[in-house]
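Single-structure report; data block below.
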Number of protein chains: 2
Amino acid sequence: MVRAPRRGPYVCGIDAALDVVSGKWKGAILWELHAHGVRRFAELRRGLPGVSEKMLARHLREMEKDGLVCREVHAEVPPRVEYSLTGHGRTLDQALGPLGVRGAERMRREGSEEGVVDVAEAVDVAGPSRG
Amino acid sequence: MVRAPRRGPYVCGIDAALDVVSGKWKGAILWELHAHGVRRFAELRRGLPGVSEKMLARHLREMEKDGLVCREVHAEVPPRVEYSLTGHGRTLDQALGPLGVRGAERMRREGSEEGVVDVAEAVDVAGPSRG
DNA sequence: CCGCATCCTAGAAGATACTG
DNA sequence: CAGTATCTTCTAGGATGCGG
């Protein structure tokens with residue numbers, strides 16, 4: 001486990017807010033949806049190298065429950081489900097923007113000695129606008 | 001030894017930034033230090049109901065290593081160590097401010113059905129000024 | 001008082017197989 | 001394609017005891 005997911009009693013607001021994004025992939029999911037606006041399950045999966053269907057589905061469910069993402073199911077023959085950020089999710093993402101900037105710096109430093117994906121270099125890691 | 005907290009490859013800046021505060025008590029520690037400015041080990045411990053010395057010490061070390069907190073050791077007969085936020089830590093805390101507001105709302109909702117400490121009510125959960 | 005070391009547990013995350 | 005169920009692995013976090 002990477003983070004420390006829990007729904008326990010919170011000590012403060014930050015604690016509670018952080019809990020909403022506690023999960024190895026939630027930050028990345030937020031980033032993906034923010035960057036692309038709308039994303040299908042398979043697309044998200046491809047965007048998160050290493051994630052398993054189980055974890056992706058679970059995190060998506062939790063984030064939906066937390067009102068961060070919107071899940072739109074299209075009743076078609078080839079199943080199609082699209083995910084996007086809710087207003088709430090966007091607000092959270094915006095709040096996370098500054099963190100992204102700091103994180104990007106961290107990536108460059110830590111990346112040198114611990115390895116880091118370079119996908120982040122492709123876009124503005126702080127919070128890319130969706131074109 | 002304790003294997004270094006998985007600073008694995010990050011997918012994006014947000015991911016990297018979130019990793020710095022991943023740990024059950026880091027958010028609360030940040031909040032405590034922000035609220036009080038300077039805090040001794042024992043004080044922090046009392047401020048974080050339920051935390052163990054091990055976890056408090058470990059998280060503090062990690063946060064120090066990440067440049068979030070400053071650790072000042074006073075070579076006195078009764079050992080005294082004081083912790084405070086570094087400029088970096090304050091920046092992070094500020095970025096977390098908006099999250100705190102959202103988290104506070106969450107606490108009120110979730111709190112009703114999951115229980116929540118009321119210490120948050122005592123101060124501005126979003127980011128109390130230390131006056 | 002501060003905080004490290006050791007052992008142990010809960011549950012998060014991973015791999016895989018299967019269903020609609 | 002989307003998502004669930006099951007089994008395994010991994011490790012953050014908790015409990016306790018010792019040392020400076």
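Note on naming: letters A, B, ... go to the chains in the order of the sequence lines (proteins, then strands), and numbering restarts at 1 for each one. These values consider heavy atoms only, across backbone and side chains, with no hydrogens, waters or symmetry-generated copies.
Rounded to a whole Å, the CD atom of Glu64(A) is 15 Å from the P atom of dA2(D). Nucleotide dA13(C) holds its P atom 10 Å from the CD1 atom of Ile29(A), rounded to whole Å. At whole-Å resolution of the value, CG in Leu60(A) and P in dA13(C) are 14 Å apart. Between the CG atom of Asp19(A) and the C1' atom of dG13(D) there is a distance of 15 Å, given to the nearest Å.
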Mind listing the side-chain donor-acceptor pairs of residues 45-53 of chain A below 3.5 Å, one per line with the distance, residues two or more places apart or on another chain?
residue	atom	partner	partner atom	Å
Arg45(A)	NH1	Glu53(A)	OE2	3.2
Ser52(A)	OG	Met55(A)	N	3.3

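Under a 3.5 Å cut-off, the side chain of Thr86(B) and the backbone N or O of Cys70(B) do not form any donor-acceptor pair. Under a 3.5 Å cut-off, the side chain of Glu43(B) and the backbone N or O of Arg40(B) do form a donor-acceptor pair. A donor-acceptor pair under 3.5 Å is formed between the side chain of Asp15(A) and the backbone N or O of Val11(A).
Near-neighbour residues of DNA chain D inside residues 69-85 of chain A, defined by a heavy atom below 4.0 Å, number-ordered: Arg71(A), Pro79(A), Val81(A), Tyr83(A).
Comparing dC2(C), dT4(D), dG13(D) against the side chain of Arg58(B) picks out dG13(D) as the nearest. Ranking dG3(C), dC1(C), dA2(D) by closeness to the Phe41(B) side chain, first place goes to dG3(C).
Across all their heavy atoms, Leu30(B) and Asp93(B) have their closest contact at O-OD1, 3.7 Å. Scanning both residues, Cys12(B) and Gly27(A), for their nearest heavy atoms gives SG-O, 4.3 Å.
Between dC1(D) and Arg40(A), no contact under 4.0 Å exists linking OP1 or OP2 to a side-chain N or O.
Contact check on Arg71(A) versus Glu82(A) returns no salt bridge, with no Lys/Arg side-chain nitrogen under 4.0 Å from an Asp/Glu carboxylate oxygen.
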Each nucleotide N or O in nucleotides 14-17 of chain C that has a protein N or O under 3.5 Å away: list the pair and distance.
residue	atom	partner	partner atom	Å
dG14(C)	OP1	Lys24(A)	NZ	2.8
dG14(C)	OP2	Trp25(A)	NE1	3.2
dG14(C)	N7	Lys54(A)	NZ	3.0
dG14(C)	O6	Lys54(A)	NZ	2.4

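Counted by atom type alone, Arg39(A) and Tyr83(A) present zero donor-acceptor pairs between their side chains at under 3.5 Å.
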